Amino acid sequence: MVRPRKAIRSFLLAVLCTPVFLIHRIALRLDDWMYPSLRHVRITKPLFIVGLPRSGTTLLHRLIAGDRSVFTTMPLWELLLAPAACEKRFLRRLRTVDRWLDSPLWRILCAIERGISQSVRDVHATNLQSPEEDW
């Protein structure tokens, strides 16, 4: 028998994730229209870091990500909030406006981030600005 709390949490997660998923899908389609040259970007030497959990893959990834002249990676906020280029541009412009208004949205986002990351900090310390794996 499914516990009521677990069922409610699953329902709320689905209610939250479904619109976000749809927004990302629409934004990725907009990218095809707004930035057609993205289709022609060639990735010449991809590097995949694969390993068991707690084996040092995150440390290796972050060390490599520190060399911006050779490698590129995405911070967690891009993976979660803006996988499409048009979303990135929109959120960067929104951040500019937010700064102009003394950063109320940024403070709310940081409070949410602190609340969520407390529960997983011992397992996988991260924040929205840190380079993160795309799994």
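The structure presented is a predicted model; accordingly, all values stated were derived computationally and were not measured.
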Checklist entry - Where do L28 and P83 come nearest, in terms of heavy atoms and distance? => result CD2-O, 4.2 Å
Next on the checklist: I'd like to know if L101 and L105 are part of one continuous hydrophobic network [Ile/Leu/Val/Met/Phe/Trp/Tyr, side-chain heavy atoms within less than 4.5 Å].
Outcome noted: no
Using a 3.5 Å cut-off and no angle test, enumerate the donor-acceptor pairs between side-chain atoms of residues 15-24 and protein atoms at least two apart in sequence or in another chain.
| residue | atom | partner | partner atom | Å |
| --- | --- | --- | --- | --- |
| T18 | OG1 | A14 | O | 2.7 |
| H24 | ND1 | E87 | OE1 | 3.3 |
| H24 | ND1 | E87 | OE2 | 2.7 |
| H24 | NE2 | L80 | O | 3.1 |

Item to check | Residue list, salt bridge (charged side-chain N to carboxylate O under 4.0 Å, His left out) with R68, at least two apart or on another chain | outcome: none
Item to check | Over all atoms of both residues, closest heavy-atom pair of C86 and L30 | outcome: SG-CB, 4.0 Å
Next on the checklist: With rounding to the nearest 0.5 angstrom, report the NZ to CG distance, K88 to D31.
Outcome noted: 8.0 Å
Next on the checklist: Just to verify, what does R93 make a salt bridge (charged side-chain N to carboxylate O under 4.0 Å, His left out) with, not counting sequence neighbours?
Outcome noted: none
Checklist outcome for this item: D98 meets the side-chain hydrogen bond (donor to acceptor under 3.5 Å, both in side chains) criterion, sequence neighbours left out, with R95
Next on the checklist: Are the side chains of W77 and L109 in contact, using a 4.5 Å heavy-atom criterion?
Outcome noted: no
Checklist entry - By side-chain hydrogen bond (donor to acceptor under 3.5 Å, both in side chains), which residues pair with R25, not counting sequence neighbours? => result none
Side chains of residues 40-52: which donor-acceptor partners sit under 3.5 Å, not counting sequence neighbours?
none

Item to check | CZ (F90) with more than 12 external heavy atoms under 6.0 Å | outcome: no
Item to check | Step-by-step side chain to side chain contact (heavy atoms under 4.5 Å, CB included) determination, R107 to D102 | outcome: CA-CA 9 Å; R107 285 195 296 270; D102 200 27; 4.2 Å; yes
Checklist entry - If you round to the nearest 0.5 Å, how far is OG1 of T73 from CG of D67? => result 12.5 Å
